[in-house]
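Here's the structure, in structure tokens; my notes come after.
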Amino acid sequence: MSLKVKSPDNLPDKPGIYIMKDINEEIIYIGKAKSLIKRVKSYFKDKLDSPKTQVLMNNFNSLEYIITQSEKEALILEANLIKKHRPKYNIRLKDDKRYPYVKITNEKFPRLLITRNITKNGSYFGPFTDVTSVRKTVKFLKSLFKIRTCKNMDGPCLNSQIDLCYGPCSGEITKEEYSDIINKIDLFFQGKYSLILKNLKKEMKIASNNQNYEKAAVLRDQILSIEEIMEKQFVELADDELDQDIIASSKDKDNFIIIVLPVRNGKIVGKDDFLMSGTNDMELKDILYAFIQQYYGYNRHVPKQIIIEDKITDEKLITEWLSDLRGNKVSINVPEKGTKLRLIRMAQKNADIIKNQKKKMENSLIELKKYLKLKKLPKIIEGYDVSNISGKLAVGSKVSFKDGKPNKSKYKRFKLETPGPNDYEMMRELLTRRLKLLDTDEKPDLIVIDGGKGQLNIACQVLEKLGLLDIPIIGLAKEFEEVFIPNVSKPIIIPKNNKALHLLQQIRDESHRFAVSYHRKLRSSKIVESPLDNVKGIGKVRKINLLKHFGDIEQIKNAEIDELMEVKGMNKKVSKDLYSYFH
């Protein structure tokens, strides 16, 4: 429970966190303290440490605080509250990649899911940067612990019948027994593999002593599986240099680019970049402190050694906290020479490259704003396209770019119902269905239509009907890369080597690719749902060859046996069977 005060005089001399608010009761800053009264009183001095603190106090109106048992507990609470409230004057880790998380649902019999959206329901682990690896891990855990995968518990499913699920829906396992399994999965994602093995071995011994040999055998197999995956992926490395994170930065105007190079088994296995905002007038030691606190505070792997480019604030406290998270000692080092210093310099170079790329992206947005005479920088741009063959299997796509980069979590595709071929009306349906959803989504700063004047006119009619004429919209015609804007007869010609045109082309091409890929998927499913499946001897390869040769089912129906035999892979018997089926 938090307590509210107007001034620091009545604060206790105890560890905790303090929450500063403005006149509108908005949280503007969250901090931790070993002594609340001493730390908060430092904000009320006549001469403040930095211009940023001065601005903070100019907006300060009231204060709340929460007492904790220790400074370490305050550190954890501070990180959680900064993540939740994102106060204006805190240094904040911005991560827009939307990496996947593993979720344990809060149902009576929980499931294990992979998701990119975090809600208040369930427990989350992650984020995970290697999507393929996390999918394999989740699949492994589901089969190992035989937890349910069905969405609705409406009777015994196939998994329970083939011994891939304990069958909670049919009462084969109690809630308590199932909860024990979920607790093991929870420990697994916390990295406490030794504790899981210890518990499993204890259970196996009890089952064996009770002559429940079937259960003991299942537990034995689980132990062997976990030991095997630990050897492959989660082994506790004896050599510190085999398990490290290299962290370095590069300053970019009001933000810092942070690069993390994870080193596992002595090799660099990836690279992640992050943006730290709210860093104006802040020292590097405070920025690195804030990054480490927020980066490792959410179930990430904590390595045995963290290599950084400069000393950090509260290093001893952070090291103790990281060691608690890992379960054994963690060290933080600032190298002065050797391999580790070379790795830091490599990370710094990567941060500089990311910074320059971000500048180029920003420059392309600035150029786009200038050429299109937009009122503000188009940070969110959406691209639209339709795809069909002679009006059949019509689909539409929406792609989204944020700050000049694809934001794939916001991509969306549509099965279109408009009879065709009629590209204009298909575009009308696509935009109408998509833009009706804007109440629950971000409004784009610019819409890009794949097409010329015709498609643009249809799009403008949709915007007018929905009362969204304030959204800027353009059409990009492919033949001469002309940019059409509403109510202007002549197109805008952006120079071919200009970054703004390159960005528009990327958005147009991406919307086209996304639409075409969906169209191909639907075509493939149509091939799967073919009458040819009912003919003995015709599998996937012969089916595709027949369709390629004749074009469609109608032509195959009208073909004679000799004509059918001309198709690659067909023989006389199968050709006769196929002819007989249709006749």
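Throughout, numbering of the chain's residues begins at 1 and tracks the sequence. None of these values were measured; they are calculated from a predicted model.
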What I want to check is whether the side chains of E73 and S70 have a donor and an acceptor closer together than 3.5 Å.
no
Sub-3.5 Å donor-acceptor pair from the side chain of Y65 to the main-chain atoms of P12, do we have one?
no
So M282 and M276, side chain to side chain contact (heavy atoms under 4.5 Å, CB included) or not? Walk me through it.
CA-CA 11 Å; M282 302 302 294; M276 296 295 288; over 6 Å; no
For residues G569 and R542, report the shortest heavy-atom separation together with the two atoms involved.
O-NE, 2.7 Å
Measure the shortest side-chain to side-chain distance between K205 and K201 over non-hydrogen atoms and say whether it is less than 4.5 angstrom.
no
Please tell me if the side chains of I91 and F291 come closer than 4.5 Å, counting only heavy atoms from C-beta onward.
no
Distance from I185 atom CD1 to K142 atom NZ, nearest 0.5 Å?
10.0 Å
May I ask you to decide if I30's main-chain N or O and N90's side chain share a donor-acceptor pair within less than 3.5 Å?
yes
Is T174 reaching over with its side chain to a backbone N or O of E177, donor-acceptor style, under 3.5 angstrom?
yes
Taking every non-hydrogen atom, the tightest pair across I308 and D310
CD1-O, 3.0 Å
Minimum side-chain heavy-atom gap E510-F401 below 4.5 Å
yes
Are more than 12 heavy atoms from other residues, nucleotides or ligands located less than 6.0 Å from atom CD of E107?
yes
Quick check: closest heavy atoms across E315 and I332, and the distance to 0.1 Å?
OE2-O, 3.6 Å
Flag the pair E26 and K88 as a salt bridge only when some basic side-chain nitrogen lies within less than 4.0 angstrom of an acidic carboxylate oxygen.
no
Are the charged groups of D180 and K184 less than 4.0 angstrom apart, N to O?
no
Separation between NZ of K349 and CD1 of I353, rounded to the nearest 0.5 Å
9.0 Å
Once you round to the nearest 0.5 Å, how far does NZ of K304 lie from CG of N328?
5.5 Å
In terms of heavy-atom contacts, D324 and K72 come closest through OD2-NZ, 2.7 Å
Can you tell me if R513 has over 12 outside heavy atoms packed within less than 6.0 Å of its CZ?
yes
Over 60° means perpendicular and under 30° means parallel, so classify the ring planes of F274 and Y295, tilted if in between.
perpendicular
Do the side chain of S208 and the main chain of M204 share a donor and acceptor less than 3.5 angstrom apart?
no
For S397 and S511, indicate whether the former's side chain and the latter's backbone hold a donor-acceptor pair under 3.5 Å.
yes
List the steps, then state whether side chain to side chain contact (heavy atoms under 4.5 Å, CB included) holds for I287 with S249.
CA-CA 10 Å; I287 294 162; S249 68; over 6 Å; no
Decide whether S250 and K355 meet the rule of one side-chain donor and one side-chain acceptor closer than 3.5 Å.
yes
Which of these, I82, I66, L75, I67, sits in a side-chain contact (heavy atoms from CB on, under 4.5 Å) with I17?
I66
Give a yes-or-no answer on whether the side chains of S277 and R92 include a donor-acceptor pair shorter than 3.5 Å.
yes
Validation row: I307, P335 side chains within 4.5 angstrom (heavy atoms)
yes
Using the ring-ring contact (aromatic ring centres under 6.0 Å, His included) criterion, which residues pair with Y213? Sequence neighbours excluded.
none
Tell me whether D186 contacts the main-chain N or O of I182 through its side chain, where contact means a donor paired with an acceptor under 3.5 Å.
no
Distance from F109 atom CZ to I173 atom CD1, nearest 0.5 Å?
7.5 Å
Would you say the side chain of N350 lies within less than 4.5 Å of the side chain of D273, judging by non-hydrogen atoms?
no
Does S331 use its side chain to pair, donor to acceptor, with the backbone of Q305 at less than 3.5 Å?
no
No-hydrogen, no-angle side-chain donor-acceptor test under 3.5 Å, S35 and D13
yes
The reported gap from CG in L343 to CG in D245 (rounded to nearest 0.5 angstrom) is 11.5 Å
Evaluate the criterion side chain to side chain contact (heavy atoms under 4.5 Å, CB included) for residue pair L284 and E309; output intermediate values, then yes/no.
CA-CA 9 Å; L284 183 56; E309 59 189 326; 4.0 Å; yes
K32 versus R39, closest heavy-atom pair with distance
O-CG, 4.1 Å
Quick one: does any side-chain atom of R148 pair with a main-chain N or O of C169 as donor and acceptor, under 3.5 Å?
no
Are I114 and R135 side-chain neighbours, meaning at least one heavy-atom pair lies under 4.5 Å?
yes
Any sub-3.5 Å donor-acceptor pair from N210's side-chain atoms to N212's backbone N or O?
no
Pairwise side-chain contact, L11 with Y18, heavy-atom cut-off 4.5 Å (strictly under):
no
Could you give me the CA-CA distance, side-chain angles and deciding distance for L275 and I257, then say whether side chain to side chain contact (heavy atoms under 4.5 Å, CB included) is met?
CA-CA 5 Å; L275 190 67; I257 309 293; 3.5 Å; yes
Heavy atoms of A248 and I344 approach each other most closely as CB-O, 3.8 Å
To the nearest 0.5 angstrom, please state how far the OG1 atom of T319 sits from the NZ atom of K329.
9.0 Å
Do L578 and M570 come within less than 4.5 Å of each other through their side chains, counting heavy atoms only?
yes
